[in-house]
Asks: 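So that we are looking at the same thing, I have put the structure below in structure tokens.
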Amino acid sequence: MPAPSPDGRTVRFVDIDADRVRLRASVRGSGPPLLLITGIGANLDLGAPFERELAARGVQAISFDAPGIGQSTPYAWPRRMPGIARTVQRLLDALGYGRVDVLGVSLGGVIAQQLAHQAPDRVRRLVLAATGPGLGGVPGSPRVLLSLATPRRYYQPGYYRRIAGRVYGGAARRDPDALLHGSLARFIERPSLRGYLGQIYAISGWTSMPWLRTLRQQTLVLAGDDDPIVPLVNGRILARCIPDARLHIVRHGGHLFLLESPAEIAALVAGFLTTGSGDGAWP
């Protein structure tokens, strides 16, 4: 295995033979393992500020570039959501993890729901951030969703700065560069068009509404009250439908509130994951 970086992160490439993809994966810190699943088009480096805060609080952060995103190779043929969740299971197998906590952001929250549904023995606790139930939820404004139809915001810094406030809300309305945390990773490790469109294909027509009530994992739902992409009501739907869930509203939080307040959100997540017994009542 490659040597860890100075901040305690180890990066490796994992071949998932059954899916014919090669995924870049990162493990940072030590402690209870938490799998982080990023949003559409986002490479694992974008979550580094949040991962560092988790590691400082005794949580091991596991992340990866989705197929066709960052430095991971794309699928030969696009997958629907159950197929993507199976790829995540195989990645955990290859990395040597059995049961983990899972945090999914936006599209990653959709994958996290699917994983918890079809492989409940692999998911201990669940954190759903800035996400919803798919069909049956409340979509963002058509103008905002149209801006997400292509990965242009990952390719053109000027375009990102022009639309960030309208698309992401929250702190991006005041200072889009603050969400970059001084890093150009957003524009360097860009999603391929094939990988990006594959993610759109995977989520189209998807819904968790028929089976949300069957999820048995303790779940923390995080939602910003200034999220133009996934309105707050979607977090309320998830928290109401998942039997053992609670909702935390991030005041003035946009779609990327994990990057707006990484220390605050990491403390909240770490407290949820590490307090109380693994399968007992709420802390």
Side-chain angles (χ1 to χ4, degrees), residues 9 11-16 19-26 35-51 61-81 83-88 90-91 103-112 114-115 129-131 134 140 144-164 166-168 172 176-177 179-181 183-204 206 227-230 254-256 258-259:
R9 184 178 78 154
V11 178
R12 59 181 289 196
F13 288 86
V14 180
D15 291 312
I16 310 298
D19 296 309
R20 295 196 294 173
V21 293
R22 192 170 195 241
L23 304 181
R24 181 174 68 136
S26 164
L35 176 67
L36 304 175
I37 309 178
T38 57
I40 186 168
N43 68 72
L44 61 84
D45 294 315
L46 298 186
F50 181 62
E51 287 186 13
I62 310 160
S63 57
F64 65 98
D65 287 342
I69 307 300
Q71 295 184 35
S72 292
T73 62
Y75 289 119
W77 297 98
R79 301 289 200 277
R80 302 295 286 179
M81 203 54 65
I84 292 178
R86 281 191 292 272
T87 299
V88 175
R90 291 163 180 153
L91 174 65
L103 185 155
V105 184
S106 193
L107 172 67
V110 167
I111 300 170
Q114 185 69 45
L115 181 65
T131 193
V144 167
L145 297 181
L146 185 62
S147 299
L148 305 181
T150 75
R152 182 182 174 189
R153 66 196 183 282
Y154 289 103
Y155 282 74
Q156 300 177 5
Y159 179 72
Y160 160 76
R161 293 184 177 96
R162 190 163 68 250
I163 70 164
R166 171 171 56 84
V167 171
Y168 295 122
D177 284 352
L179 302 183
L180 304 177
H181 292 268
S183 170
L184 295 178
R186 179 184 189 91
F187 310 112
I188 295 175
E189 300 294 346
R190 301 172 296 192
S192 68
L193 182 60
R194 184 176 176 182
Y196 192 90
L197 294 179
Q199 290 184 314
I200 292 178
Y201 169 77
I203 197 174
S204 61
W206 178 88
D227 184 343
I229 298 175
V230 184
H255 190 66
L256 302 180
L258 266 69
L259 298 179

Asks: Can you check whether Arg152's main-chain N or O pairs, donor with acceptor, with Arg190's side chain at less than 3.5 Å?
Replies: no

Asks: If you compare all heavy atoms of Ala25 against all heavy atoms of Leu91, which two are closest, and at what distance to 0.1 Å?
Replies: CB-CD1, 4.4 Å

Asks: State the CD1-OH distance between Ile40 and Tyr196, to the nearest 0.5 angstrom.
Replies: 4.0 Å

Asks: What are the two closest non-hydrogen atoms of Gly39 and Gln199, and how far apart are they?
Replies: O-NE2, 4.4 Å

Asks: Any side-chain to backbone donor/acceptor pair from His181 onto Leu259? Under 3.5 Å, distance only.
Replies: yes

Asks: Quick one: does Asp65's side chain have a donor or acceptor within less than 3.5 Å of a partner on Arg24's backbone?
Replies: no

Asks: Check whether any side-chain N or O of Arg166 sits under 3.5 Å from a backbone N or O of Ala164 as a donor-acceptor pair, and report yes or no.
Replies: no

Asks: Working to the nearest 0.5 angstrom, can you tell me the gap between Leu23 CG and Thr73 OG1?
Replies: 6.5 Å

Asks: Checking Arg80 against Tyr201: charged group under 6.0 Å from the ring centre and within 45 degrees of the axis?
Replies: yes

Asks: Considering all heavy atoms of both residues, which atom of Val11 and which atom of Ser26 are nearest to each other, and what is their separation?
Replies: CG2-CB, 4.2 Å

Asks: How long is the gap from CZ on Arg79 to CZ on Arg86, to the nearest 0.5 Å?
Replies: 8.5 Å

Asks: Please work out which of the three classes, parallel, tilted or perpendicular, describes the rings of His255 and Tyr168, given edges at 30° and 60°.
Replies: parallel

Asks: Please confirm whether the backbone N or O of Leu44 pairs with a side-chain atom of Ser63, one donor and one acceptor, at under 3.5 Å?
Replies: no

